[in-house]
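Okay, structure first, notes after.
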Protein chains: 2
Amino acid sequence: MIRLFIAEDQRMLLGALGSLLDLEEDMEVIGQALNGEEALASILKLEPDVCLMDIEMPVLNGLEVAEELARRSASCKVIILTTFARPGYFERAVKIGVHGYLLKDGEIDELADAIRKVMAGKRVFSPELTFDVIREENPLTPKEQEILRLAALGKTTKEITSELFLSSGTVRNYISEIIHKLDAKNRTEAAAIAEKKGWI
Amino acid sequence: MIRLFIAEDQRMLLGALGSLLDLEEDMEVIGQALNGEEALASILKLEPDVCLMDIEMPVLNGLEVAEELARRSASCKVIILTTFARPGYFERAVKIGVHGYLLKDGEIDELADAIRKVMAGKRVFSPELTFDVIREENPLTPKEQEILRLAALGKTTKEITSELFLSSGTVRNYISEIIHKLDAKNRTEAAAIAEKKGWI
DNA sequence: TCAGAAATATGACTTTTGTCACCTCATTTT
DNA sequence: AAAATGAGGTGACAAAAGTCATATTTCTGA
């Protein structure tokens, strides 16, 4: 019997996946969570065999949970299940060493198979991810990401200045560099590009 | 037997909902679609009793499909099923006269009940929507929305000018007005606000 | 048909952005 | 210890963005 845990913040999908996987002969859903914090706590306590993990969840995101599980060398195998084929996410997931990375755009039938494969020690990745532009690395440094995140919210140079304790010249230099790296025309376009790629 | 149609662009959720609802004694899923165009065509052909409709789908979005069904006075009752509690969406859905508006954040068990209620002639709305800030109207005119959509992509005033055949002064006036209406500091913040509210 | 909205445009002006060359001061590398 | 690296900073300049008062031109309802 494969003991499953599911962490997913969209209640309806969580419920649906739970019910369906529970119908499989060889699987049992032993726990569910709607956010990363709950998920982390429950997984450490319940020690499931496999955990399906969404990325974009409140409090702690799925990658952060996976990271923490790895740090504590938990035995639970993690399969990331997300809507987004964002380069940044996939890159990070691979670095963390997750056992699977599937897109919610895949067939539901493939999910049970993937879980069995992972239990058998294999790793499974959505074919969409294996080749493709998806493997682009995030060209922004952490500082640049932080600045662009603020700029994306419409904060002015001056506001960014006082949040990060930098001079306005420095902030403008950073933004100029970001614009170059992303091949954008201005901070707004840079933000749109980075958001689409999952880089901020 | 309630004959159901489901339109949802996230394949996994589509599959999961389909399987689960098909298990209900009194329901039968007679068709599914991954985008609005397919959905519209199939619904007109199959004439289901109730149709579950996601909003954000490729080609035609769910609200557009619902609008077209209403225009052709199709008998199919529409239940909008979406992630987003965006004021603009809900407002539009009510105007179109849909029979239900549920959030994907609701329990899956409520879904089958909602479908039965709609079949019985009732209308069902997620409780989250009934009160709340959700009812804020979109303060932007269609032209303003169009301009802000372009600005949100990082297009410059000059680029917007040549896409919409307006003078640069006019575009700047529009943006100035948008910034006022949304109580923002600049076009980027205006875009962030409008995106969050579902206004563009 | 006439008054009043909309939609579009101008121009003058201030502020904010973006660019670039160059500077300072620690921390590493070699 | 000298050189390289990297985070942070200056200042000057041009280009873009934002503000506002004031047109002009359609439309449109009474």
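Scope of the values below: all heavy atoms of this structure, side chains included, with no hydrogens, waters or symmetry mates. So you know, we letter chains A, B, ... as the sequences are listed, proteins then strands, and number each from 1.
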When you check the phosphate oxygens OP1 and OP2 of D:dA17, does a side-chain N or O of B:T157 lie under 4.0 Å from one of them?
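The answer is yes; a side-chain N or O of B:T157 sits under 4.0 Å from OP1 or OP2.
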Between the main-chain N or O of [Y] and the side-chain N or O of [X], is there a donor-acceptor pair closer than 3.5 Å?
X: B:R3; Y: B:E47; answer: yes
X: A:S42; Y: A:E38; answer: yes
X: A:N186; Y: B:G154; answer: yes
X: B:R123; Y: B:V118; answer: no
X: B:D9; Y: B:N35; answer: no
X: A:T170; Y: A:L166; answer: no

At a cut-off of 3.5 Å, list every protein nitrogen or oxygen paired with a nitrogen or oxygen from nucleotides 23-29 of chain D, distance to 0.1 Å.
none

Return all side-chain donor-acceptor pairs below 3.5 angstrom for residues 18-25 of chain A, not counting sequence neighbours, or 'none' if the list is empty.
residue: A:S19; atom: OG; partner: A:G15; partner atom: O; Å: 3.0
residue: A:D22; atom: OD1; partner: A:V29; partner atom: N; Å: 3.0
residue: A:E24; atom: OE1; partner: A:R116; partner atom: NH2; Å: 2.7

What parts of residues 175-189 of chain A reach DNA chain D, counting only heavy atoms under 4.0 Å away?
none
For atom [atom1] of [X] and atom [atom2] of [N], their distance in whole Å:
X: A:E159; N: C:dT15; atom1: CD; atom2: C1'; result: 14 Å
X: B:K155; N: D:dA15; atom1: NZ; atom2: P; result: 22 Å
X: A:L150; N: C:dT17; atom1: CG; atom2: P; result: 13 Å

Heavy atoms only, 4.0 Å cut-off, all strands: where does B:T156 land among base, sugar-phosphate and nothing?
sugar-phosphate
To the nearest 0.5 Å, what is the distance between CG (B:L34) and CZ (B:R11)?
5.0 Å
Could you tell me the separation between the CD atom of A:E144 and the CH2 atom of A:W199, rounded to the nearest 0.5 Å?
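Answer rounded to 0.5 Å: 12.0 Å.
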Let me test you: for the helix from C:dT1-D:dA30 to C:dT30-D:dA1, what is the angle between the axes at its two ends (five pairs each), rounded to 10 degrees?
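Both end axes considered, the difference amounts to 40°.
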Distance only, no hydrogens: is a donor on one side chain within 3.5 Å (strictly under) of an acceptor on the other, for B:E146 and B:Y174?
no
Under a 3.5 Å threshold, yes or no: a donor from one side chain and an acceptor from the other, between B:T157 and B:S168?
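Absent: no donor and acceptor within the cut-off.
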Under 3.5 Å, N/O pairs linking protein and nucleotides 8-13 of chain D:
residue: D:dG8; atom: OP2; partner: A:Y174; partner atom: OH; Å: 2.9
residue: D:dG9; atom: OP2; partner: A:S167; partner atom: N; Å: 2.8
residue: D:dG9; atom: OP2; partner: A:T170; partner atom: OG1; Å: 2.9
residue: D:dG9; atom: O5'; partner: A:T170; partner atom: OG1; Å: 3.4
residue: D:dT10; atom: O4; partner: A:N173; partner atom: ND2; Å: 3.0

Side-chain donor/acceptor pairs under 3.5 Å, residues 104-113 of chain B, sequence neighbours excluded:
residue: B:K104; atom: NZ; partner: B:E8; partner atom: OE1; Å: 2.9
residue: B:K104; atom: NZ; partner: B:E8; partner atom: OE2; Å: 3.4
residue: B:K104; atom: NZ; partner: B:D54; partner atom: OD1; Å: 3.4

Result of checking A:I30, A:V50, A:I79 against A:L4 for side-chain contact (heavy atoms from CB on, under 4.5 Å)
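Passing option: A:V50.
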